[in-house]
Structures are given as structure tokens and as C-alpha cells.
Amino acid sequence: MKAAPFCYHRPGTVAEAVETLAAFGDGAKVLAGGQSLVPLMALRLARAEHLVDLGRIAALRYVRGAADSVAVGAMTVQAAAGRDPVIAASVPLLARAIPFIGHFQVRNRGTVGGSCAHADPSAEIPAVAVTLDAELEASGRGRPRLIPAAKFFTSTFTTSLEPDEVLTALHFPVWPGRSGFAVREFARRRGDFAVAGAVCAVTLGQGERIERVAIGLLGLGAVPLRAAAAERAATGTAAGDLDVTEIGHLAVADTDPPDDVHATPGYRRRVGVAMAARALTAALEEAAHG
Amino acid sequence: MTVAGRYVGQSVRRQEDPRLLTGHGRYVDDIVVPGMLHAAFVRSSVPHGLLRGVDTEAARALPGVAAVLTAAELHPGLHPMWQTMMGQDAPAAPFRPLADADVRYVGDPIALVVVESRYIAEDAAELVVADIEPLPPVLDTSAALGDTASLVHPELGSNLAGELPAAGSPELDAAFASAALVATETFHQHRYACVPMETRGLVAQWDPAGEQLTVWAATQGPHEFRAICGRVLGLPEPRIRVIMGDVGGGFGQKMFPMREEIAVVAATRQLGRPVKWIEDRNENLLGGGHAREEQMTVSVAADDAGHFTGVRVEQLENVGAYPFPGNGSTAMAGSMIFPGPYRIPALSYAARAVYTTTCGRCAYRGPWMMETVAREQMVDLLARRLGMDPLELRRRNVITAEDLPFTTASGMVYETVSPAQTLEQAAELIGYDAFRREQAAERERGRLLGIGLALYIEPSQSFGPLGTDGATVRLEPDGRVALVMGTASHGQSLETTMAQVVAEHLGCDLGDITFVQGDTAYVPYGAGTGGSRSAVVAAGAARQAALALRERIVTLAAAVLEAAPSDLEVASSAVGVRGDPASALPFAKLAGLAYFGHAALPEGAPVALEVTERFKAPPFTFSNACHAATVEVDATTGQVSILRYVVSEDCGVMINPMVVEGQIAGGVLQGIGGVLYEHMVYDGDGNPLTTTFLDYLLPTAAEAPAIEYGHVETASRLPGGAKGMGEGGAIASPPALANAINDALAPLGIHLTRQPMSPAAIVAALTP
Ligand SMILES: Cc1cc2nc3c(=O)[nH]c(=O)nc-3n(C[C@H](O)[C@H](O)[C@H](O)COP(=O)(O)OP(=O)(O)OC[C@H]3O[C@@H](n4cnc5c(N)ncnc54)[C@H](O)[C@@H]3O)c2cc1C
């Protein structure tokens, strides 16, 4: 379990990082917190002739709140994001998802951007990004661009980032009004990647009707999913009339979950139903009672 | 109950902890020898195939590479290998450190790359190209015994690694013929593994001028390591020095050097340069030895009151390709231990062990434990068929104090066991009857709660070569004590408990003792730490040596004080006339006289303040325990939550209750791992799927329940009264949990007989 040889680069700016990536093309890889990349390299399942460490780019570590959105620098470590007061107040769903990521040692090094760029379909932050319709900001040799979360995650461990692009920030919209947020997931052990999970945001309007709802699923496909049919069915319904289990079934209906040593697709769907129902219930509860 | 001594019986804090817990332990990977090379193995990625050729040219050309050794280079001149405990003629897989004409499991070492650094070693290993023509894998134990099966070891002519034929009896036939009820079930245990925190590893150094081999090894038995090096290399044992430093667990895996370690030692000898090999986690999971994969069919005949009248057992073990030790079969031990804590008048036990193209089986804490796993689940199953509570069925069959001495149907003689007491204590501690009431009420509300019991009797293994151990106790010139032992403590706290025994019997202060083990150049011969033998055999030697040295010290003091030895007392590292504290001579003073002031001593006063003793133990000493667990099963996710976990244990006189409880806790966690988390999975083609900790799930502190302990102390007949108990936690926890889970699922009419009982497996059973 020793990595194959590589050259190590430590740029001080995003521009320099992009230059280095561009210079080495496919042979280069970005290193963020290393919590996914380093073990993969040690197992020689991932290789990079050139490793471009973003660790010294201080400009990528920040949390900035605005009226309708919060920007999180890509190199913000998960633990810092998890205890950030702006995130806690304005993007509670993200704050609540972070404790489910691995163990504190992992969260102390793993980054918000790395989690998205790595694109594990069971990861929490990508699911939150997709659920809240976050935008991901990338810088390459061309102009910086904003990629909607739904377009960012293209398949398991695959994103729409170009090889010379660095993910620089995530922009999370703030949900106003009487909103509630919840994360529920099932993992084999505390800290494991979820077998299946759901993240949910909901806003209540007049007459306790569901004005807006977003349900995201993790572990149930090749990318973090949005449960569109379930959301449609729930929207406009009075919270008290909602059959959350039925919504849960709708949420997983069209999914094609992976099969591995821990769970069959059928098992993941079954757990997914329960997690979606439980997350929705908790989010509604919060929206109704604060 | 025995009265605790000044040290024996006290929960003395672990002497090794300040070193280990502050990160100052010295493990084999901390050893650096000038000129040392690093080894990496090229391993087969194919479960079974003909090795057409191994191209090592590119690897050899890589700068830094000292050698790339295949079987053709490494094997010439090596002698046959066998383990002392098994004997020279025991059935075993063919011995070959590296794959020769074929590969026999994924992970089979094909070549050994010896390089300046481990990084480059892995670069070089990647450049070695093995040309393998695949053969059909051998995975299913039943199919492996069929006529058309491909052979794992063609030179053996069969995949049958070992067989224990059923020895029936007219009494047994009669028991089945007249039974009111016969229940038969097959229980399956899956493959899981030792997974010590520290993987295997060694540094080996050959001194060609002095013809001496030095090996620093992560081992459970330096002398056995030495013996095997001696056999394979044809060297006299005293020419080999095996040194163990701190070792981060073994659980059986490090009891015997396996193929990789032997290959590294052979390479050192051939190259004349020191070589280090530290197994990585991936290798450890892939090829470090697996365990537990087996099935057992139990038929029990009972009368209408539920008394067992006879039992038939059939075991089928998957021992993989290269098991260690011997053929990897645990059947002999299983057949002796099966009756366990119950009156079973007649028994037959048949077993077959089968080679497959998977990683070989190695010893794992209570290697024979399938007997308890199957027996205890069978008791619960029979109780269900009888409509009787499993506690009641156990009460009717358990061996009681009145039954002692008791000879089992397999010929084991119990004199000092207390299974009935531990059963009652565990039931009491867990509040068995109250739980039954709570369970019934909660079932009404749809909650699935369950309770499970498991009883067992654990043999400390002190038969044959395992039957003796040695200890040297030496009073040093400054009055402090060196305790030099043949043990190989690697997590068992022997540095503490052996010192407690010596301090107690020598009469010195605990802090005056320095414990030394693990260097074959200096320590008495020891058969290794394993088989729950240390509290019995090693402690016996420590006690005997301490008492003998005490006698010498008293004799010396008597001569100096001109008093009768019988008038003297020893306490706190001093000897004086009883009732006259002012007369007390500190050990330092006496040692000074013996080493330096001997001219002034009277004739006959002893000056040799060093004693080596060997203790010879009976073949088995039996401890016993009862585990009780309560669980809740989530019917949606299949998740099992352990609500409470109770162990009532009788290991005789406890040297250190905290250490006893620590041993239990570690074992219980391994059983929890086995039932709920750990699973070494092979796919249908023979490829291992769980070779990192991402997929091989160990229970962590977060999954550990608070374990509650009860102790019954029935002294054994040994001097000191101890019994071995190191393995039991891992033996009884799997069936206790399986029984609790099945009890929870009982209202749904489900009874699982296969492990692991993972969430997905439970859900699969719930949704047929
Ligand atoms: C024991 C353990 C448990 C874990 N459990 C969980 C869990 O439960 N949930 C979970 O979500 N995660 C889990 N993780 C993964 C963890 O969250 C990782 O930190 C995360 O997936 C990757 O973030 P990183 O900063 O470590 O990225 P790295 O490992 O450094 O990089 C990961 C990948 O992303 C690319 N990359 C990183 N940053 C950028 C960037 N700014 N621009 C472009 N590409 C980039 C890298 O090139 C690499 O391909 C676990 C990890 C471990 C070791």
C-alpha cells in the first residue's frame, strides 16, 4: 500500500494550480484533504504523475453569507463548515449533513470541495448540493463558470469538471420562510458511507400546505438523486394529510441502486423509503414548530 | 471465593500501558538494521491457475532492486516445514513459500521482490508479469469433494484435507431410537479473520561469518518461530535468535510463521543482507489467514422433559489452500469440547476438512468454537420446538455442582467447573424474567426484542508441547527482581499479571520487578502465548520460581540473622524475624551480601539468587462462562442494536480481575464483529471482495456495548487455582447474539441459522 511515484506541486494561487493542471493534462490530479485520494493512491487504484496540492491556497477557505445565498470555499474543511455559524443559520441542511461524514479525523482534513469533486454517490455534501440546487464554481484556463449541482455529478466518481479545472466554491441558496431541514441515513457502522439516505428541505405556506419541498437521495444511484416524483406529489399537500411512507416509495421508485457486499439494490430501496419518510417527517416537524 | 492477596486478585494497573498508550511501544516496524532491504510480494490475482512463467526482467532492471526471487530461486535447499504442536507427520498442505507451477488462491505469493525501499519494492512488484492459465476455482466445500472437482493440491490427490469418522455406539443408536423428540439443524458460520491491529512482519538478518540468523518478529511464540526457521533452513536452533518486541495482537494469526515469513527468512539467508517485510493491511486481509468458515449439522435426541439423551454432530470445514497449522482442521478439539456444559450421555462427532482455492485458515481465538456456536443455537432451537424457555432447557441439562467430578461423553473430566452457577448469575444480572415481561409488552407495540444465552466450557490447552513453560526469577545486586519468561505477551497483560504472581509469592514490591520476554537467546523455552495457557502454565512457572527464590532468600537471611527459617517472614522486599520489624533485612542488603559480601557469609549460605523453574500442567484446565445478550431488531432496516450484554465467568482464582474483564471484552467484540459486521467475502469466481477496511467492517468503540460482568471463583486444582480464559469471549458471544436475534424474530416465525446476521441478511429473511 505505497503510492506509485509522483511529482508534488504546491501552488499558492488558483491560477497557478490551473496552469500546473493544464501543463500536465491527464497526468495531473488535484489534492485537497486527501481523505479519498490518498488511500486510493496507496492502493494504486488511483495514479497521478503530478499531484497539485491546493492546501496552501488560503483564498479557497472561507464561508461568506449573503441575503439569498452562502458561498463556501472549496478548501474549507468539512469540520469548519460543520461548525460555521453562517452555515448553521442559513444552510442548516449542510450543517446537519456534515456530522454523518466519516469520523472527526476525516472531517478535520476532508474538504467541502473535495467531497463534491470526488463524487461518491453515497456522500452527504453532494446530496445536499443537489437537493438545494447549489451551484458549483469552477476555474480553468477559460472564464470561471457556475455549474448547477444537477449537471455537476455525471456518474459514480465522475463530474463535469474539465481536467484543467479547479472547483473553487459552492453556492448554496438560502431557503426563507417557514422551512425545515433534515438528514436521515442508514450506515453499517457510525461513520461509514451510507447504505441509503435522504436529505430533505421543506417550506410550509398557507394552511400548513407544503409550498416547496426538495428530497435528495444518497446511495441509491450512480449520482446523488432528486426524488422529483415524490416532490411533485408532496407539493401543495397539507402537511397533515401527507402519507410520508407513500412519498418514500415514490422517492425510490425509479432508482437503480448499486449492488455490493453490504446491500442489494432491493435492500437499499427499502431503506431508502424509510429514510425519505423519516427525513420528510422531521423536516415538516421543524417547519411547523421551528 | 478466595481471599485476594496483596497482589494476586487485585486489579493492578497494566505495567505496559504507560509505554504503549503514550506511543512508545517498540514494534517490529520500529526495527532498523544497517543495510536493511525491504520485501514486497508479487501475488496471484487469479484464484487457481497454471503458472506458465514469471517474467522478472523489468523488475530486476529497476534501480534499487536487489533481487527478485521466484520459487525457482528461493526453494532449492529448503527443508520440509512442520509445526511442533502438530508433529512431523500430521496431514498438511504441501509446503512451499512461493507458488511453484501453479497458483492456488488470490493472494498466493508468486515472487519476492527485495529492494532498497518498500515504495520501490511495490513499483518493482508491479513490473513482474506472471503468465497464468486459469483453472476452475474450488470454492464450495461439498462440490470440492465430488469426483469432477478440480484439485487444489494435485500432489495430494484429493481436496479432503482431513477426516474424523463418526464413532457411533449402540447407546447412541438407542438414544435416538427411543427419543421423544429429535431435532436436526445445520448451522453455518462465515469466513472472518483475526485482524490484529498490527499486521504480520519481521526483520531477518543472516550473519554468514558466524552462521547465525537473527529475526525480529511480530510473533506469538519466538521459540516456535525459531524451531521452524531451524527446520526449513537446516540450522541448529541455538544458532537462531528470534526477538519479539511489542506485538500488536495476534489472535492466533501469529502463532506460527506462515509462508511469507519463511520466504523472507530464506531470502535473507540467500542474499546475506537483512530484509524487512511489514505486511500491509491489504495483504493481511487478502492472505494473512482467515477463519471460521464451516458448517455443523447437529441432531439432538431428547426425552419428553427435554433432557438430552444423545447428539450426533457432522462438521464441514473450509480450510482454504494453505492452512496453518497442519491441515487447519479444528475437528479434533471440537470433538473433545462439544458436550461443553451439558450432560450429554452419548455423542458422535464426524468431520471433514476441505481444501479450497481461497486463503488458508489460520488459528483464531477459540479455533474449535463452532462446537459452541452450533450447540448453543441448537439448544435454543430445541427449546422452541419443545415450547420451553431456553433458560429452562439449559437448567434441565446443565452440569451442576452435584454432578462433579463429571466425565463427558468425549472423555473430558471436569472437577472444578460451575456452569450452573454462571447460568444463574447471568440470568440474574440481565434480569431474565423481567426482560421476558418487557419483551411481551413491547411485542404488543411492534418492537422486536430478544434475549439470548450461551454457555460454554473453555479448555486451556496445555497438552503435548503446550504443557510446560519456564520462568527465571533473579534477585539483582540492587535488590530488584528480574522476571525472565518464555511467554510472548502481545496484548494479554502478562507483563502485569506475571509480575503480580511473582510479587505475591516472592514477597517483593511489584514495582521492583522488571519483566523480560521474547528473546530466544536469553529466555526459558516457551510454547507461545495462545490457547488460553498463560494463566495456567506460565503463571505456574512464575509462581514456582518465585517460591524457590524466596526459599533461597530466606535461607540466606536465616544464616545472616542466625534465626530459624521458619521464624522468618518476607514482606515488601525484606526478610525479618516475625514480630521484630527492626530485624528486617532488605532484599538489597541480602543481594549485596550474596554478590559482593559473600566472604563474610557463614558456610552453606546460598549465593545463587537466581532460579529457573519449569511448570508442567495437566493437559486441560477448564474454565466456564455464560453470556447473555438482549437485542432489538429494526424490522425496516434489519439493524440489530445490542441493548445489554452480560458475562458471568469462572476462571478460578483471578490474578487480575481487570485483565480478566479486558480479555472477555475483547473476545466479545470479536464475536459481535463476527455476527454483525465482519465478513470476508469471495465472489462466485473466487475473488476476494473485502480486502480493505472500507468493506471488511470491524466493530469500533461506537458499536461496543457496555459489558457487565459477574464472577464466580471456583479454584482449579492447580497451585494458584487459576484457569485459562483468554479465548472464551470470542467463543460464546456469536451464539449468544444469534440466539438473541432469533428470539427477537421468533414472533415472525423466522429462525436464522447462517451468519453473518447483517442488516441485509435479516431483511432478506423478513421478506422472502
Ligand atoms: C474512513 C473514511 C470515512 C469516510 N466517510 C465518508 C462519509 O461517510 N461520507 C462522505 O461524504 N465522505 C466520507 N469520506 C470521504 C471524505 O469525506 C473525503 O474527504 C472526501 O470525499 C474527499 O475530500 P478531500 O478533501 O479529502 O479530497 P481528496 O481526497 O484530496 O480528493 C478527492 C478527489 O477530488 C478531487 N478534488 C479535490 N478537491 C478538488 C478541487 N477543489 N477541484 C478539483 N478536484 C478536486 C481530487 O483530485 C480527487 O480526485 C470518508 C473518508 C474516510 C477516509
Side-chain angles (χ1 to χ4, degrees), chain A residues 1-6 35-36 38-45 47 49 99-100 102-106 120 122 184-198 219 244-245 248-249 252 257-278, chain B residues 38 40 62 64 115 117-127 199 278-286 634-640 672-673 676-683 688-704 756 758-764 766-767:
Chain A
M1 290 174 77
K2 302 285 186 211
F6 58 84
Q35 298 301 292
S36 298
V38 169
L40 287 171
M41 288 179 69
L43 287 162
R44 300 193 179 213
L45 293 172
R47 278 160 205 270
E49 281 160 45
F100 287 95
H103 314 274
F104 70 84
Q105 296 92 331
V106 171
D120 189 305
S122 294
R184 291 292 183 273
E185 69 171 52
F186 179 75
R188 293 289 307 275
R189 299 170 304 181
R190 177 86 209 164
D192 280 335
F193 273 104
V195 165
V244 290
T245 304
H249 280 286
V252 306
D259 194 357
D260 65 19
V261 295
H262 304 301
T264 58
Y267 177 79
R268 281 181 202 274
R269 264 195 298 269
R270 175 193 179 93
V271 175
V273 172
M275 296 304 131
R278 291 178 195 176
Chain B
H38 297 261
L62 198 71
V115 192
S117 89
R118 173 77 190 214
Y119 277 92
I120 306 176
E122 292 192 22
D123 296 343
E126 266 189 344
L127 296 174
T199 56
I278 303 296
E279 180 181 51
D280 66 30
R281 185 58 65 189
N282 196 205
E283 291 181 283
N284 184 263
L285 290 170
L286 182 71
D634 178 330
T636 303
T637 61
Q639 173 89 331
V640 174
I672 291 172
L676 300 178
Y677 301 102
E678 298 177 49
H679 189 187
M680 185 57 65
V681 183
Y682 281 87
D683 69 13
L689 301 181
T690 50
T691 59
T692 72
F693 281 158
L694 187 63
D695 288 315
Y696 189 86
L697 308 182
L698 289 170
T700 71
E703 284 72 46
S758 64
I762 287 177
V763 163
L766 291 171
T767 51

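Since the model is a prediction, treat every value here as computed from it, not as a measurement. Lettering of chains follows the sequences in order, A, B, ..., and the numbering in each one begins at 1.
Between A:Asp192 and A:Glu185, the closest heavy-atom pair is O-OE2, 4.0 Å. Between B:Ala761 and B:Pro756, the shortest heavy-atom contact is CB-O, 3.7 Å. The nearest pair of heavy atoms linking B:Glu122 to B:Asp280 is OE2-OD2, 4.0 Å.
Proximity to chain B is absent for every atom of A:Asp260, based on heavy atoms less than 4.5 angstrom apart. Both the backbone and the side chain of B:Leu698 come within contact range of chain A, with heavy atoms under 4.5 Å apart. The parts of B:Thr636 that come within reach of chain A are both its backbone and its side chain, each placing non-hydrogen atoms under 4.5 angstrom from that chain. When heavy atoms are compared at a cutoff of 4.5 Å, B:Glu703 approaches chain A solely by way of its side chain, counted from C-beta outward. Contact annotation for B:Glu126: only side-chain heavy atoms (C-beta onward) come within less than 4.5 Å of a heavy atom of chain A. Looking at B:Leu676, only its backbone comes within 4.5 Å of chain A, counting heavy atoms on both sides.
Looking at residues two or more places apart in sequence or on another chain, you find a side chain to side chain contact (heavy atoms under 4.5 Å, CB included) between B:Val763 and A:Tyr267, A:Arg270, B:Thr767. Residues forming a ring-ring contact (aromatic ring centres under 6.0 Å, His included) with B:His679 (at least two apart in sequence, or on another chain): B:His190.
Ion pairing between a basic and an acidic side chain is recognised when a charged N comes within 4.0 Å of a carboxylate O; A:Arg44 and B:Asp123 show such pairing.
Comparing B:Thr700, B:Leu689, B:Asp683, B:Asn282 by heavy-atom pairs within less than 4.5 Å of chain A, the highest count is held by B:Asn282. Between chain B and the options A:Pro5, A:Ala4, A:Ala274, the largest number of non-hydrogen pairs under 4.5 Å is found for A:Pro5.
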